Enquirer: 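Mind having a look at this structure? Questions to follow.
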Amino acid sequence: MQFEEVAKAFNEIEKRSGRLEMTDLLARIFEKASPEEAERIAYIIQGELRPPYEGIDLGMGEKFVLEAIRKASGYGKSKVEQEFESEGDLGLVAEKLLGKKRQQSLFQTSLSVLSVYNSMFRISKAGGSGSQGMKINRLVEMYNNATPIEAKYITRFVLGQLRLGVGDPTILDALSVSHEGDKSWREPIERAYNLCSDIGHVARVFLEDPEKIRDFKIEVFKPIMPAMAERLANPKEIIAKLGKCAVEYKYDGFRIAVHKKGNRVEIYSRRLEKMTHMFPDVVAAVQNLRPREAIFEGEALAFNEEDKRFYSFQETMHRRRKYGLETAAKKYPLYVFAFDLHYLDGEDCTTCPYLERRKKLESFLSSKGTIKPSTMRIVETAKEIDSLFQAALSMKLEGIMAKDLKAPYTAGKRKFAWIKLKKSYGQEMDTIDAVIVGYYRGKGSRARFGFGGILVAVYNDETSRFETIAKVGSGFTEDEMGRFQKMLEEDKVKRPPTNLDYEMDPDFWVHPRHVVEVAYDNITRSPTHTCGREKGKGLALRFPRMIRIRDDKGPFNATTTKEVEEMHKFS
DNA sequence: CCTGCCTGCCC
DNA sequence: ATTCTGC
DNA sequence: GCAGAATGGGCAGGCAGG
């Protein structure tokens, strides 16, 4: 199968907004593809080469691609950058600039789906001294053989972002449609995918023999797609939705899936990357558990033995490393709070009701040691939920998770089987009023607004200077993006404000004039933001989002550095 | 050998 | 992670 | 409500270049 055929189909899919049409177009590709090609195409749409637990990545981002386009097109660096600025999409830049060159030179060889995939694979394998140049050169070679449309999707693939409007569920539907003409196979296909987490494998098996898609089973050392939680604003809504339910603390660490078979243990991240080597202490603890075979999920976070408090997520992050594990393990001892069970000694537990899974989980965990069950209570009233929620906050935890007692494990789905409640979802959300000092051009669909987000600062009334505290790119409606762009363009200045301490460079600086209310979950120590900087470390907002513009406030009555420091101290 | 840039992956 | 939008 | 695509802070690790 020629890659050009696939690229043209992608181009059609991208133009549509109706899911049914997109699914049909994709199904037509699968109809024509061999099982092997379907496997590759499925990975390509995901922007991946292999399932996540194999740990294969291209190691190429925007800067590398920019360089490859420059080399392949013969244009100067600034020309390519300038095109990128206006298009907001390197795929479009490649299509445009390589297209112009194309007219002057002859095709060398035509690309097939398999040859494109194989070239990408070779790029991913490059490592060591000189590998960056090699990766770029390989991409240049592909560009030299690509039509403009092919170049667009090759580029986006390398960046892991096809922007077709097609995600996993649409691929699964398209497989069904390709075989049966409708979505009737979606359920077994989806189940197979949730159990193996490997979209290419699913596509291949389904094309080879559709019936085989029913044979997938949960297996130790094959991580399943994680269940996700919906959000609600307060305990009352949770009771209205679930009635009597379980409430667990929500711990602010890494979500891990622990697989055990005899003495062998593997640990996978939420995105199913293998992270076993980072947690020798957890592995040892798991080896001592009673079951011979088990798969369970938990949250791993570091605990400070001295002041008997959990470390912040930021500090727990130090455990996510390859080298210096022993030192880190000593300094940041981990606890794993297990909260769900997928498999136990030959039995698939994912179809059992929550409460049953929970009981089996508790049956082999003690409440002491490295691995213990997450704190859980069964409640019937909003008041009970609220008191658990308050208790969680007082322990420096994120909030709570409420769980439907009867629901099976909803692999791969965001469902109301699990509902999370955090402080920032309700009325007591923390906000600051910050001054806009710069803004960004948007990428992708935001390029048409010329707006992607803002850089904001607070006022230090002791030094009379502004200090950056966050970039804000979430919380804008499309309408607001247009309005912000218009408003800020008028205040654009060539140089950064002289009364601003900063390290980040926005695309445009603006005169500090407009104030916005920004919500956040947390205040963290920052290596890059300058708010309240001490010894090179400032303060920043975790999960910042725009709430509203504050026309009633001027830059000097925005939140002050001192206030931010206070809030940081007491959180 | 150190530093900065870039990337990928945690949340 | 949060948030917005088209269907 | 689903599915997808925008966007955030910050850490570690790999590589290039001084």
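Note that the structure is a prediction, hence the values are computed from the model and not measured. In what follows, chains are A, B, ... by sequence order, proteins preceding strands, each numbered from 1.
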Enquirer: For every nucleotide of nucleotides 9-18 of chain D, 5' to 3': is a protein heavy atom under 4.0 Å from its base (B), only from its sugar-phosphate (S), or from neither (-)?
Expert: SBBSSSSS--
Enquirer: Is any side-chain N of the basic residue among Arg446(A) and Asp89(A) closer than 4.0 Å to the acidic one's carboxylate O?
Expert: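 Looking at Arg446(A) and Asp89(A), the cut-off is not met.
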Enquirer: In whole Å, I'd like the distance from the OH atom of Tyr440(A) to the P atom of dG8(D).
Expert: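 After rounding, the gap between these two atoms is 7 Å.
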Enquirer: Counting any heavy atom closer than 4.0 Å, what does Gly165(A) reach on the DNA or RNA strands: base, sugar-phosphate only, or nothing?
Expert: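 Contact class for Gly165(A): sugar-phosphate only.
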Enquirer: Could you state the CZ-C1' distance from Phe310(A) to dC11(B), rounded to the nearest angstrom?
Expert: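 After rounding, the reported distance stands at 17 Å.
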Enquirer: Do Phe279(A) and Phe254(A) come within less than 4.5 Å of each other through their side chains, counting heavy atoms only?
Expert: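 They are in side-chain contact.
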Enquirer: Is there a side-chain polar atom (N or O) of Tyr425(A) under 4.0 Å from OP1 or OP2 of dT2(C)?
Expert: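 So the side chain of Tyr425(A) is within the cut-off, an N or O lying under 4.0 Å from OP1 or OP2 of dT2(C).
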Enquirer: Would you say the side chains of Thr155(A) and Tyr143(A) form a donor-acceptor pair under 3.5 Å?
Expert: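 Yes, a side-chain donor-acceptor pair sits under 3.5 Å.
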Enquirer: How many Å lie between NZ on Lys423(A) and P on dA1(C), as a whole number?
Expert: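 Lys423(A) atom NZ is separated from dA1(C) atom P by 19 Å.
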Enquirer: Is the backbone of Glu248(A) close enough, under 3.5 Å, to the side chain of Ser374(A) for a donor and an acceptor to pair up by distance?
Expert: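 Judged by distance alone, no pair lies under 3.5 Å.
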Enquirer: Of Ile171(A) and Gly473(A), whose closest DNA chain D nucleotide lies nearer the 5' terminus?
Expert: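 Checking each residue's closest nucleotide, the 5'-ward one belongs to Ile171(A).
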Enquirer: If you compare every side-chain N and O of Thr170(A) against the phosphate oxygens of dG4(D) (OP1, OP2), does one of them come in below 4.0 Å?
Expert: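 Result: yes.
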Enquirer: So Arg441(A), base contact, sugar-phosphate only, or nothing? Heavy-atom distance under 4.0 Å.
Expert: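 It contacts nothing in the nucleic acid.
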Enquirer: Taking the six-membered ring for Trp, are Phe451(A) and Phe476(A) closer than 6.0 Å centroid to centroid?
Expert: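 Yes, they do, as the ring centres are separated by less than 6.0 Å.
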Enquirer: For dC9(B), does either OP1 or OP2 sit under 4.0 Å from a side-chain N or O belonging to Lys274(A)?
Expert: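 So the side-chain polar atoms of Lys274(A) never come under 4.0 Å of the phosphate oxygens OP1 or OP2 of dC9(B).
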Enquirer: For the residue pair Tyr439(A) and Trp509(A), is the inter-centroid distance of their aromatic rings smaller than 6.0 Å?
Expert: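 No - the distance between ring centres of Tyr439(A) and Trp509(A) does not fall below the 6.0 Å cut-off.
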Enquirer: Would you mind reporting whether Asp281(A) and Leu334(A) have side-chain heavy atoms less than 4.5 Å apart?
Expert: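 Leu334(A) vs Asp281(A): side chains touch.
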Enquirer: OP1, OP2 of dC2(D) versus side-chain N and O of Lys413(A): anything below 4.0 Å?
Expert: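 Lys413(A) to dC2(D) OP1/OP2: no side-chain N or O under 4.0 Å.
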Enquirer: At less than 4.0 Å, is any side-chain N or O atom of Ser474(A) found next to OP1 or OP2 of dG8(D)? Yes or no.
Expert: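 It does not, given that no N or O in the side chain of Ser474(A) lies less than 4.0 Å from OP1 or OP2 of dG8(D).
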Enquirer: Taking the six-membered ring where the residue is Trp, are the ring centres of Phe310(A) and Phe337(A) under 6.0 Å apart?
Expert: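 Close enough - the centres of the two rings lie under 6.0 Å apart.
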Enquirer: 5'-most contact on DNA chain D: Glu230(A) or Gly444(A), nearest heavy atom basis?
Expert: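 Final value for this comparison: Glu230(A).
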Enquirer: Is there a side-chain polar atom (N or O) of Arg446(A) under 4.0 Å from OP1 or OP2 of dA6(D)?
Expert: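 No, outside the criterion.
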Enquirer: Kindly point out which of dG4(D), dG6(C), dT2(C) is positioned nearest to the side chain of Arg19(A)?
Expert: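 Between dG4(D), dG6(C), dT2(C), the one nearest the side chain of Arg19(A) would be dG4(D).
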Enquirer: When you match Glu398(A) and Arg448(A) each to their closest nucleotide on DNA chain C, which lands nearer the 5' end?
Expert: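 Its nucleotide being nearer the 5' end, the pick is Glu398(A).
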Enquirer: Which is true for Asn522(A) with a 4.0 Å heavy-atom rule: it touches a base, it touches only sugar-phosphate, or it touches nothing?
Expert: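 No contact.
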Enquirer: Less than 4.0 angstrom between a side-chain N/O of Arg16(A) and OP1 or OP2 of dG6(C), yes or no?
Expert: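 No, no such contact exists.
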Enquirer: Between dC4(C) and dC5(B), how many Å separate the two C1' atoms, rounded to a whole number?
Expert: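 The same atom, C1', in both gives a distance of 32 Å.
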Enquirer: Reckon Lys183(A) has a side-chain N or O less than 4.0 Å from the OP1 or OP2 of dC2(D)?
Expert: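 False: Lys183(A) side-chain N/O out of range (4.0 Å or more) of dC2(D) OP1/OP2.
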Enquirer: Base, sugar-phosphate alone, or nothing: which one does Ser269(A) contact when heavy atoms must sit under 4.0 Å apart?
Expert: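 Sugar-phosphate: the residue Ser269(A), judged by heavy atoms under 4.0 Å, touches backbone atoms but no base.
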Enquirer: Please report the distance, rounded to the nearest Å, between CD1 in Ile199(A) and C1' in dA3(D).
Expert: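 So the two atoms are 13 Å apart, to the nearest Å.
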Enquirer: Check for me whether the distance between the ring centres of Tyr520(A) and Phe543(A) falls short of 6.0 Å.
Expert: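 No, too far apart.
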Enquirer: Mind calculating the distance between CD1 (Ile123(A)) and C1' (dT7(B)) to the nearest angstrom?
Expert: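 Roughly 15 Å, once rounded to whole Å.
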Enquirer: Rounded to whole angstroms, how far apart are CG on Leu58(A) and P on dG8(B)?
Expert: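 My rounded result for the distance is 7 Å.
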Enquirer: Among dC7(C), dA5(D), dC9(B), find the nucleotide with the atom closest to the side chain of Glu273(A).
Expert: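 Nucleotide nearest to Glu273(A)'s side chain: dC9(B).
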Enquirer: Could you tell me how the ring of Phe121(A) sits relative to the ring of Tyr117(A): parallel (under 30°), tilted (30 to 60°) or perpendicular (over 60°)?
Expert: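 Tilted.
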Enquirer: Write down the distance between CG (Asp252(A)) and P (dC10(B)), rounded to a whole number of angstrom.
Expert: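 After rounding, the gap between these two atoms is 15 Å.
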Enquirer: At 4.0 Å (heavy atoms only), tell me whether Met546(A) reaches a base, stays on the sugar-phosphate, or touches nothing.
Expert: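 Nothing, no nucleic acid heavy atom in range.
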Enquirer: Looking only at side-chain atoms of Lys250(A), point me to the closest of dT3(C), dA1(C), dC2(D).
Expert: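 Of dT3(C), dA1(C), dC2(D), dA1(C) is nearest to the side chain of Lys250(A).
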Enquirer: Nearest-Å distance, OH (Tyr193(A)) to P (dA3(D))?
Expert: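 The distance from OH of Tyr193(A) to P of dA3(D) comes to 12 Å, rounded to the nearest Å.
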Enquirer: If you look at every strand shown and take non-hydrogen atoms under 4.0 Å, does Tyr520(A) touch a base, only sugar-phosphate, or nothing?
Expert: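 Nothing: the residue Tyr520(A), judged by heavy atoms under 4.0 Å, touches no strand.
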Enquirer: Does dC7(C) have its OP1 or OP2 closer than 4.0 Å to a side-chain nitrogen or oxygen of Ser17(A)?
Expert: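 Result: yes.
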Enquirer: With a cut-off of less than 4.0 Å, is there a side-chain N or O of Arg231(A) near OP1 or OP2 of dT2(C)?
Expert: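 Yes, such a contact exists.
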